Amino acid sequence: MNGDVVADHGLWFRVESSSAASGVRRAAERLGAQLELGERRIADLAIVAAELTSNLVKHAQEGVLLLRPVRRAGRAGVELVAIDSGPGMADLTVSSQDGHSTTGTLGIGLGAIARQASWYDGYSRPGRGTVLAVQLWSGPAPAESWAGGLVRPITGEQVSGDGYAVRIAEERRQVLVCDGLGHGPLAAAATEAALRAFRTAPVGPPGAVVEHLHRAIAHTRGAALAVAELDRAAGLLRYAGLGNIAAMIVVAGERRRGLVSLPGIAGHQRPVVREYDYPFAADATLVMHSDGVVDRWDLADYPGLVERTPLVTAATLLRDAGTRRDDASVLVARASS
């Protein structure tokens with residue numbers, strides 16, 4: 001792949017010293033040019049990248065940043081997600097105001113980010129850390145997405161065997177999470193084949209889509225995958241899965257409900273595919289992830305997180321429950337978004 005091209009899965013940067021800032025800024029400018037955002041927005045993007053990295057270096061522990069293209073409604077923009085493990089901020093809104101600081105320095109960074117961004121969201125807890133998500137578009141930001149996710153490769157790999165995709169096909173809101181067998185380029189190739197097949201799959205319920213994906217990736221090493229459909233009008237979630245993709249429905253004040261994925265490998269010997277229906281209230285949240293994320297998380301441990309966007313929720317869970325010994329992916333979707 002051309003080293004000047006930033007792929008859709010994006011680039012992860014460790015930001016633990018000021019030396020990382022120039023690399024992030026150059027990659028951000030390269031992506032802005034790749035997407036033809038224009039000189040003014042590329043300059044804004046450089047400011048945002050500089051401020052995010054500066055905040056991670058000065059105030060954070062174990063800071064990382066994801067830079068990637070984001071596509072919606074036939075348009076493309078740039079998305080940056082900054083994640084750290086502490087110390088966190090007591091009030092992210094107050095900390096985003098110019099002049100506010102908890103460390104004796106001018107707190108202009110978060111204010112500058114909010115001004116340059118087309119879209120901005122975040123979540124922070126003292127002692128747990130902060131997640132900031134920023135998007136820059138050449139024009140007004142498209143409507144906020146009802147689903148969002150992140151993918152991170154195993155330590156030492158440049159590509160991940162995990163992936164996710166979101167589509168609306170004739171009013172059907174559907175999501176896919178996929179985990180290609182193994183790690184590295186061959187696992188990534190299996191997942192990329194599944195993502196392409198999902199985006200162009202004939203319109204149908206999750207069970208039929210999974211059958212289609214099984215046939216479409218027969219030339220690859222195969223994958224665990226699951227498809228969910230959020231039917232807001234019926235108050236239902238329809239789900240079909242093969243292999244070790246975890247999926248849960250979370251409603252505030254209730255125990256989370258695990259969804260059933262059957263044993264099997266998509267693309268290999270013909271598996272049994274079954275579709276299940278689950279109640280899905282207007283305030284419910286769907287969380288899906290690969291086995292690179294441990295399932296001991298509990299959204300009740302994060303006051304106010306369900307009020308944040310799906311992307312910020314997914315990034316927070318990836319930070320706290322994702323492992324470095326495997327590819328990891330998290331997707332979050334909401335009926336009310």
Side-chain angles (χ1 to χ4, degrees), residues 12-18 20-21 24 48-66 79-114 117 120-134 148-152 155 246 248 250-256 285 287 289 292-326 328-332 334:
W12 283 95
F13 297 87
R14 292 182 64 180
V15 185
E16 297 177 342
S17 68
S18 57
V24 173
V48 169
E51 296 295 351
L52 283 173
T53 53
S54 176
N55 273 280
L56 288 173
V57 171
K58 292 178 181 177
H59 310 301
Q61 299 173 8
E62 300 178 5
V64 296
L65 185 143
L66 172 65
E79 184 169 78
L80 303 98
V81 184
I83 304 172
D84 69 71
S85 299
M89 292 173 274
D91 191 323
L92 188 57
T93 300
V94 172
S95 297
S96 299
Q97 298 173 0
D98 285 345
H100 176 82
S101 176
T102 58
T103 62
T105 59
L106 282 176
I108 62 174
L110 295 185
I113 291 168
Y120 168 82
D121 191 30
Y123 179 78
S124 186
R125 283 196 68 199
R128 297 293 291 270
T130 301
V131 169
L132 297 174
V134 184
L150 297 94
V151 174
R152 186 180 66 198
T155 300
M248 279 73 67
V250 183
V251 178
E254 301 179 11
R255 292 186 61 184
R256 67 185 192 183
T285 296
V287 179
H289 59 75
V293 177
V294 297
D295 63 2
R296 293 188 295 272
W297 55 265
D298 187 345
L299 288 185
D301 294 336
Y302 302 89
L305 183 57
V306 294
E307 300 168 10
R308 309 320 310 161
T309 55
L311 173 60
V312 167
T313 303
T316 302
L317 293 178
L318 179 65
R319 178 194 66 195
D320 292 349
T323 75
R324 296 287 182 176
R325 301 181 304 276
D326 199 355
S329 58
V330 182
L331 177 138
V332 174
R334 298 199 179 100

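This one's a predicted model, so the numbers in the text were calculated from it and none came from an experiment.
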Worksheet entry | Least distance between heavy atoms, Gly149 atom then Ala314 atom | CA-CB, 4.0 Å
Worksheet item: Where the side chain of Arg325 meets the backbone of Thr155, is there a donor-acceptor pair that is under 3.5 Å apart?
Response: no
Discussion item. Quick check: closest heavy atoms across Tyr302 and Tyr123, and the distance to 0.1 Å?
Written reply: C-OH, 3.1 Å
Worksheet item: About how many Å separate CZ of Arg152 and CG of Asp326, when rounded to the nearest 0.5 Å?
Response: 10.0 Å
Item to complete: Check Gly292 against Ala328 and note the closest heavy-atom contact, atom names and distance.
Response: O-CB, 3.6 Å
Worksheet entry | Nearest heavy-atom neighbours spanning Arg14 and Ala20 | O-CB, 3.6 Å
Worksheet item: Do Ile83 and Trp12 touch side chain to side chain, with heavy atoms closer than 4.5 Å?
Response: yes
Worksheet entry | For the student: nearest non-hydrogen atoms of Arg334 and Leu305, plus distance | NH2-O, 3.8 Å
Discussion item. Does Glu79 form a side-chain contact (heavy atoms from CB on, under 4.5 Å) with Leu311? I'd like the steps, not just the answer.
Written reply: CA-CA 11 Å; Glu79 184 169 78; Leu311 173 60; 3.3 Å; yes
Discussion item. Are Val15 and Val57 packed together at the side-chain level, in the sense that at least one heavy-atom pair is separated by less than 4.5 angstrom?
Written reply: yes
Discussion item. So does Leu318 get a backbone contact from the side chain of Trp297, meaning a donor-acceptor N/O pair under 3.5 Å?
Written reply: no
Fill in: Contact check, side chains of Thr313 and Val306, non-hydrogen atoms, under 4.5 Å
no
Response to the item:
OG1 of Thr130 to CG of Asn55, rounded to nearest 0.5 Å, is 9.0 Å
Worksheet entry | Minimum side-chain heavy-atom gap Val293-Leu317 below 4.5 Å | no
Fill in: Results of side chain to side chain donor-acceptor pair (under 3.5 Å) for Thr316 - residues two or more places apart only
none
Worksheet item: Hey, which of Leu150, Val294, Val330 is the one that makes side chain to side chain contact (heavy atoms under 4.5 Å, CB included) with His289?
Response: Val330
Worksheet item: Under 4.5 Å between any side-chain heavy atoms of Tyr120 and Leu132, yes or no?
Response: yes
Discussion item. If you define the side chain from C-beta out and look only at heavy atoms, does anything of Gln61 sit under 4.5 Å from Asp84?
Written reply: no
Item to complete: Sorted by first residue and then second, give each salt bridge (charged side-chain N to carboxylate O under 4.0 Å, His left out) pair with at least one member in residues 295-322; sequence neighbours left out.
Response: Asp121-Arg308, Arg128-Asp320
Fill in: Nearest non-hydrogen partners of Ala21 and Thr53, listed with the distance
CB-OG1, 3.6 Å
